[in-house]
Amino acid sequence: MTLYPKLILDALATVRYPGTGKNLVEAEMVADNLRIDGMKVSFSLIFEKPTDPFMKSVVKAAEAAIHTYVSKDIEVSIATESKQAARPEPGKLLPQVKNIIGISSGKGGVGKSTVSANLAVSLAKLGYKVGLLDADIFGPSMPKMFQVEDARPYAENIGGRDLIIPVEKYGIKLLSIGFFVDPDQATLWRGGMASNALKQLIADANWGDLDYFLIDLPPGTSDIHLTVVQTLALTGAIVVSTPQAVALADARKGINMFVNEKVNVPILGLVENMAWFTPAELPENKYYIFGKEGAKKLAEEMNVPLLGQIPIVQSICESGDKGTPVALDENTVTGRAFLQLAASMVRQVDKRNVEMAPTEVVKMQK
């Protein structure tokens, strides 16, 4: 049997690409590198993205079509190409980001997102380039906290890849799944879907040059935490807790999750939120309504730094609801507390980077 290109193309024209309904020839998915050598046929199929979900099934269907409509004795070799550049490997993601910080809590309701938002604002006020990712897939709150609920991020082709452009507010680059879902509807996703969405927000976004990339993780321990750890090389983690015993018990679990040998992320320190209540009109007064210095004692017990203690002031809640983080005003009690927290975190990061430097040098020399 003599093979020629039209036989092969006619066979491929019987295969439809599920994404458009067009056949492979009509969709111009067959590259112009078709080669025939006796009973051997080789060519490439062109896909829009290297992560195309139909890639494997279409390749199998193309091979089966040639065997069915031309000859079962043909040796078929099909390569794949993509119009867009491939996503970098996990270890090479975000090369322009100097420090990646995970912000976690053992349980919900301790103000972790409030701490994340205000820490980001404080770092920006200190002159750092900051990015903030709202990784709480099922309860995104950053769009409201930054008053950007109506924002709709768009994509631009940069370096051969379609990248999401983060929303910018108060000098911070911000992304959240809340920008892409109906805020009035529950997000009913299985773990795999949530993890894939998070990977896109990390790897398929144009974060650019950043000194600090903060990731506001969901409460507890879940697939999301493992996805972040497996996708990015975290500089360290911050655990937020209140002074209450029940919160501290979960904070202890949160610390153990990160220092587990399978995760192995250093703890930069603990943040004690709602450390005391201070009336705005009596800024020197402290009322320990949730207990006194519980997180401070846990930090000493776990041998991790206490990065800061944030008091309760009514303005924190009001500012978060209005989309104007309280840290914007450094003349308030809480504004100063968040600035001190940011400075303390920077010191811990610098200390860790200095400690890691010799190890990295040795690795480079090898």
Side-chain angles (χ1 to χ4, degrees), residues 49 51 84-88 90 92-104 112-183 187 193-218 224 227-228 231-235 238 320 322-325 327-328 338 342 345 349:
K49 298 180 180 180
T51 55
Q84 291 191 26
R87 175 189 292 174
K92 299 178 181 178
L93 286 176
L94 307 182
Q96 296 170 287
V97 176
K98 295 178 182 176
N99 300 289
I100 303 173
I101 313 296
I103 302 176
S104 181
K112 170 187 53 62
S113 293
T114 298
V115 169
S116 299
N118 284 282
L119 177 57
V121 169
S122 297
L123 287 168
K125 289 179 75 68
L126 290 174
Y128 295 104
K129 296 176 183 177
V130 183
L132 175 59
L133 173 62
D134 184 359
D136 194 347
I137 298 293
F138 302 104
S141 53
M142 290 305 169
K144 185 173 186 64
M145 288 188 170
F146 282 82
Q147 204 176 11
V148 288
E149 292 170 283
D150 295 329
R152 293 295 176 265
Y154 57 93
E156 284 186 1
N157 191 281
I158 300 172
R161 297 175 60 213
D162 288 337
L163 298 180
I164 304 168
I165 306 301
V167 173
E168 292 200 35
K169 190 71 177 283
Y170 308 130
I172 298 160
K173 292 182 178 181
L174 174 68
L175 274 182
S176 168
I177 198 65
F179 293 134
F180 306 96
V181 297
D182 186 339
T187 305
M193 292 176 65
S195 295
N196 286 333
L198 180 59
K199 286 179 182 178
Q200 281 193 289
L201 293 180
I202 294 172
D204 296 334
N206 184 33
W207 291 105
D209 292 318
L210 294 177
D211 295 306
Y212 289 96
F213 181 45
L214 306 183
I215 303 177
D216 178 29
L217 295 164
I224 299 298
T227 296
V228 169
T231 304
L232 294 169
L234 292 185
T235 305
I238 293 173
K322 292 177 182 177
T324 53
L328 289 169
F338 279 116
M345 188 204 77
V349 170

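In this text, all values refer to a predicted model and were calculated from it rather than measured experimentally.
- Formation of a donor-acceptor pair under 3.5 Å by the Lys125 side chain with backbone atoms of Leu328 is found in this model.
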Requested in this report: Decide side chain to side chain contact (heavy atoms under 4.5 Å, CB included) for Ser104 and Leu217; before the verdict, give the C-alpha distance in whole Å, the side-chain angles of both, and the deciding distance to 0.1 Å.
Outcome: CA-CA 5 Å; Ser104 181; Leu217 295 164; 4.1 Å; yes
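- Note that the CH2 atom of Trp207 and the CD1 atom of Ile202 stand 8.5 Å from one another [nearest 0.5 Å].
- Proximity of Tyr154 to Glu156: side-chain heavy atoms (C-beta onward) are separated by under 4.5 Å at one or more points.
- Taken from CE in Met345 to CD1 in Ile238, the straight-line distance is 5.5 Å, to the nearest 0.5 Å.
- Annotation: side chain of Leu94 is in contact with side chain of Phe213 (closest heavy-atom distance under 4.5 Å).
- Gly171 and Ala124 get closest at one heavy-atom pair: O-CB, 4.4 Å.
- Looking at heavy atoms from C-beta onward, Thr235 lies out of side-chain contact with Tyr212 at the 4.5 angstrom threshold.
- For the pair Asn118 (side chain) and Ala327 (backbone), a donor-acceptor distance under 3.5 Å is present.
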Requested in this report: Check the pair Val121 / Phe338 against side chain to side chain contact (heavy atoms under 4.5 Å, CB included), numbers first and verdict last.
Outcome: CA-CA 9 Å; Val121 169; Phe338 279 116; over 6 Å; no
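- The shortest distance between side-chain heavy atoms of Tyr128 and Asn99 does not fall below 4.5 Å.
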Report task. Begin from the C-alpha positions of Val349 and Ile101 and carry the test side chain to side chain contact (heavy atoms under 4.5 Å, CB included) through to its verdict. Result -> CA-CA 9 Å; Val349 170; Ile101 313 296; 4.0 Å; yes
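- Residues Ile165 and Ile158 are in side-chain contact: their nearest non-hydrogen atoms beyond the backbone lie under 4.5 Å apart.
- Look at Lys129 and Asp211 and you find no salt bridge, because none of the NZ, NE, NH1 or NH2 atoms lies under 4.0 Å from a carboxylate O.
- Taken from CG in Leu133 to CD1 in Ile177, the straight-line distance is 9.5 Å, to the nearest 0.5 Å.
- Atoms CE and CG, on Met142 and Asp216 in that order, are 4.0 Å from each other to the nearest 0.5 Å.
- Note that OG of Ser176 is 7.5 Å distant from CG of Leu201, once rounded to the nearest 0.5 Å.
- Ile215 has its side chain within reach of Leu232: a pair of non-hydrogen atoms, C-beta onward, lies under 4.5 Å apart.
- Of all heavy-atom pairs between Phe146 and Ile172, the closest is CE2-CD1, 3.8 Å.
- Summarising the geometry of Leu123 relative to Leu214, their closest heavy-atom pair is CD1-CD1, 4.0 Å, with the distance given to 0.1 Å.
- Put simply, the side chain of Asp134 gets close to the backbone of Ser141: a donor and an acceptor are under 3.5 Å apart.
- The two residues Leu175 and Ala205 make their nearest non-hydrogen contact at CD1-CB, 3.5 Å.
- The CE atom of Met145 sits 11.5 Å away from the CG atom of Leu174 when rounded to the nearest 0.5 Å.
- The minimum heavy-atom distance between Leu132 and Ala120, with the atom names listed, is CD2-CB, 4.2 Å.
- A pairwise comparison of heavy atoms in Ala342 and Ser122 identifies CB-CB, 3.7 Å as the closest pair.
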